[in-house]
K.L.:
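Right, I'll just put the structure down here and ask away after.
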Amino acid sequence: MNILIFGPNGSGKGTQGSLAKKKYDLDHIESGAIFRQHIGGGTELGKKAKEYIDRGELVPDDITIPMVLDVLKQSGAKGWLLDGFPRSIVQAQKLWDALQKDGVKLDYVIEILLPRQVAKNRIMGRRICKNDPNHPNNIFIDAIKPNGDKCRVCGGDLSARSDDQDEGAIDKRHDIYYDTKTGTLAASYFYKDLAPKAGFTYIELNGEGSIDSIKDTLLKQLV
Ligand code: AMP
């Protein structure tokens with residue numbers, strides 16, 4: 001089972017992705033995490049990628065595409081959930097060419113739809129509990145509003161992550177994501193057009209619902 005997942009920062013892509021990953025016991029291949037491993041390990045690739053990542057820009061294709069395709073090839077027999085790649089129309093085409101060439105079947109493409117302003121509010125509203133970063137707290141989402149200024153789960157102190165408050169950085173990431181001509185939405189539409197001809201299923205999820213209702217909708221569509 002091989003799955004691609006698209007969704008803007010703030011859409012709950014991580015949560016929904018891990019659901020699909022668990023259901024089929026897939027390898028989670030996350031381009032951003034692969035870069036972070038290289039940076040942590042001090043590799044040449046990591047050094048080159050870091051300057052782009054620090055500026056909030058995409059790492060050039062001549063570094064990113066071979067790196068991701070290589071990790072895909074090494075994936076286990078159960079398949080993969082690819083997350084964070086492709087992020088541009090060029091990457092989308094190169095990935096498709098590589099899958100065709102290697103005879104790899106794509107089963108699902110999941111797109112989480114969320115208006116840009118809603119995604120931005122969600123990121124800026126996120127609050128982190130000092131006792132457990134997985135306790136959900138967001139001052140802009142009614143279902144998980146903190147209890148005053150304390151964690152809604154355990155009453156712990158809350159704080160905001162500094163990168164969640166950096167509007168310029170959020171806008172830059174969303175400029176890339178919401179670009180329907182050459183950016184990430186262009187990549188997802190490339191797969192949406194291809195789906196009926198190529199025989200995989202394109203699943204659109206409304207990211208404005210509650211986490212549980214999105215999960216239910218997703219699980220119903222994954223067979
Ligand atoms: P992420 O963890 O997905 O937010 O990725 C962190 C950073 O890694 C991004 O801001 C980019 O600089 C870089 N990156 C991740 N995926 C890609 C990709 N598909 N193409 C180019 N750069 C990427």
Side-chain angles (χ1 to χ4, degrees), residues 2-18 20-21 26-39 45-46 48-73 75 79-100 104 106-116 118-120 122-123 163-164 166-195 198 200 202-205 207:
N2 297 316
I3 303 179
L4 281 185
I5 187 161
F6 292 99
N9 198 292
S11 66
K13 176 166 63 88
T15 310
Q16 305 304 334
S18 62
K21 174 188 150 319
L26 304 174
D27 287 339
H28 190 183
I29 300 177
E30 204 189 335
S31 48
I34 305 173
F35 283 127
R36 284 187 285 277
Q37 274 169 10
H38 275 281
I39 294 171
L45 192 155
K48 279 192 208 151
K50 189 173 185 310
E51 51 180 295
Y52 297 95
I53 293 176
D54 285 349
R55 288 199 298 264
E57 292 168 15
L58 291 183
V59 178
D61 282 345
D62 61 338
I63 301 175
T64 307
I65 296 174
M67 177 189 83
V68 174
L69 294 182
D70 197 46
V71 176
L72 278 185
K73 276 200 177 149
S75 172
W80 38 257
L81 171 78
L82 183 54
D83 180 350
F85 184 97
R87 255 178 163 90
S88 67
I89 188 77
V90 172
Q91 292 183 359
Q93 280 160 340
K94 294 276 184 207
L95 173 65
W96 184 245
D97 292 347
L99 296 180
Q100 296 294 97
V104 176
L106 185 61
D107 296 284
Y108 293 102
V109 176
I110 301 167
E111 182 197 350
I112 306 181
L113 294 98
L114 195 66
R116 184 167 175 159
V118 179
K120 184 169 172 178
R122 282 200 181 170
I123 297 168
D163 53 338
D164 280 354
D166 183 344
E167 245 187 294
I170 295 168
D171 286 343
K172 220 167 172 180
R173 295 173 70 92
H174 282 165
D175 281 347
I176 297 171
Y177 187 85
Y178 287 95
D179 175 351
T180 54
K181 292 218 162 64
T182 59
T184 311
L185 277 185
S188 81
Y189 296 164
F190 171 88
Y191 283 93
K192 189 175 176 174
D193 284 347
L194 209 56
F200 59 82
Y202 193 90
I203 299 175
E204 288 175 296
L205 298 173

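Side chains included, hydrogens not; waters and symmetry mates left out as well; all remaining heavy atoms used.
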K.L.:
Apply salt bridge (charged side-chain N to carboxylate O under 4.0 Å, His left out) to Asp175 and list each qualifying residue two or more places apart in sequence or on a separate chain.
P.N.:
Arg116
K.L.:
Answer whether the closest heavy-atom distance between the side chains of Leu194 and Val109 falls below 4.5 Å.
P.N.:
no
K.L.:
For Ser75 and Asp27, work out which heavy atoms get closest and say how close.
P.N.:
OG-OD2, 2.8 Å
K.L.:
Could you pull out the closest heavy-atom pair between Lys48 and Tyr52, with the gap in Å?
P.N.:
O-CD1, 3.3 Å
K.L.:
Mind jotting down which residue pairs meet the salt bridge (charged side-chain N to carboxylate O under 4.0 Å, His left out) criterion with at least one end in residues 2-16? Sequence neighbours excluded, please.
P.N.:
Lys13-Asp83
K.L.:
Not counting sequence neighbours, which residues clear side-chain hydrogen bond (donor to acceptor under 3.5 Å, both in side chains) with Ser31? List them please.
P.N.:
none
K.L.:
From Leu185 CG over to Asp179 CG, what is the distance, rounded to the nearest 0.5 angstrom?
P.N.:
8.0 Å
K.L.:
Please examine the side chains of Lys172 and Ile176, heavy atoms only from C-beta on, and report whether any two atoms are closer than 4.5 Å.
P.N.:
no
K.L.:
Can you list everything that forms a side-chain hydrogen bond (donor to acceptor under 3.5 Å, both in side chains) with Ser18? Sequence neighbours excluded, please.
P.N.:
none
K.L.:
Scan for salt bridge (charged side-chain N to carboxylate O under 4.0 Å, His left out) pairs involving residues 55-68, sequence neighbours excluded, and state none if there are none.
P.N.:
Arg55-Glu57
K.L.:
Just jot down the side-chain contact (heavy atoms from CB on, under 4.5 Å) partners of Ile170, sequence neighbours excluded, or say none.
P.N.:
Lys120, Ile123, Met124, His174
K.L.:
Measure the shortest side-chain to side-chain distance between Ile39 and Ile53 over non-hydrogen atoms and say whether it is less than 4.5 angstrom.
P.N.:
yes
K.L.:
What residues form a side-chain contact (heavy atoms from CB on, under 4.5 Å) with Ala98, not counting sequence neighbours?
P.N.:
Leu69
K.L.:
Going by side-chain contact (heavy atoms from CB on, under 4.5 Å), name the residues that satisfy it together with Arg173, two or more places apart in sequence or in a different chain.
P.N.:
Asn9, Arg87
K.L.:
Taking all atoms of both residues into account, what is the closest heavy-atom pair of Leu114 and Pro8, and its distance?
P.N.:
CB-CG, 4.1 Å
K.L.:
Run the salt bridge (charged side-chain N to carboxylate O under 4.0 Å, His left out) test against Asp164 and tell me which residues pass, sequence neighbours left out.
P.N.:
Arg126, Arg161
K.L.:
Working to the nearest 0.5 Å, report the span between CG of Leu4 and CG of Leu99.
P.N.:
7.5 Å
K.L.:
Starting at CD of Gln16, measure out to CD1 of Ile110 and round the result to the nearest 0.5 Å.
P.N.:
8.5 Å
K.L.:
Below 4.5 Å, heavy atoms only, C-beta onward: do Tyr108 and Ile5 meet side chain to side chain?
P.N.:
no
K.L.:
For Leu106 and Trp80, which heavy atoms make the closest approach, and how far apart are they?
P.N.:
CD1-CH2, 3.9 Å
K.L.:
Mind checking what makes salt bridge (charged side-chain N to carboxylate O under 4.0 Å, His left out) contact with Glu111, not counting sequence neighbours?
P.N.:
none
K.L.:
Can you tell me how far apart CG (Leu82) and CZ (Phe6) are? Round to the nearest 0.5 Å.
P.N.:
8.0 Å
K.L.:
With sequence neighbours excluded, tell me which residues meet side-chain contact (heavy atoms from CB on, under 4.5 Å) with Ala92.
P.N.:
Pro86, Ala187, Phe190, Tyr191
K.L.:
Output the distance between atom CG (Asn2) and atom CD1 (Ile29), rounded to the nearest 0.5 Å.
P.N.:
8.5 Å
K.L.:
To the nearest 0.5 Å, what is the distance between CD1 (Ile65) and CZ (Phe85)?
P.N.:
5.0 Å
K.L.:
I need the minimum non-hydrogen distance between Ile3 and Ala20, along with the two atoms involved.
P.N.:
CD1-CB, 4.1 Å
K.L.:
Let me see the working for Ile89 and Tyr189 under side-chain contact (heavy atoms from CB on, under 4.5 Å), right down to the final yes or no.
P.N.:
CA-CA 9 Å; Ile89 188 77; Tyr189 296 164; over 6 Å; no
K.L.:
Over all heavy atoms of both residues, which pair between Ala119 and Tyr178 is shortest? Give the atoms and the distance, please.
P.N.:
CB-OH, 3.7 Å
K.L.:
Would Leu58 and Thr64 count as a side-chain contact (heavy atoms from CB on, under 4.5 Å) if you check the C-alpha gap in whole Å, the side-chain angles of each, and the deciding distance to 0.1 Å?
P.N.:
CA-CA 9 Å; Leu58 291 183; Thr64 307; over 6 Å; no
K.L.:
Please list, chain by chain and in numerical order, all residues satisfying salt bridge (charged side-chain N to carboxylate O under 4.0 Å, His left out) with Asp54, sequence neighbours excluded.
P.N.:
Lys50
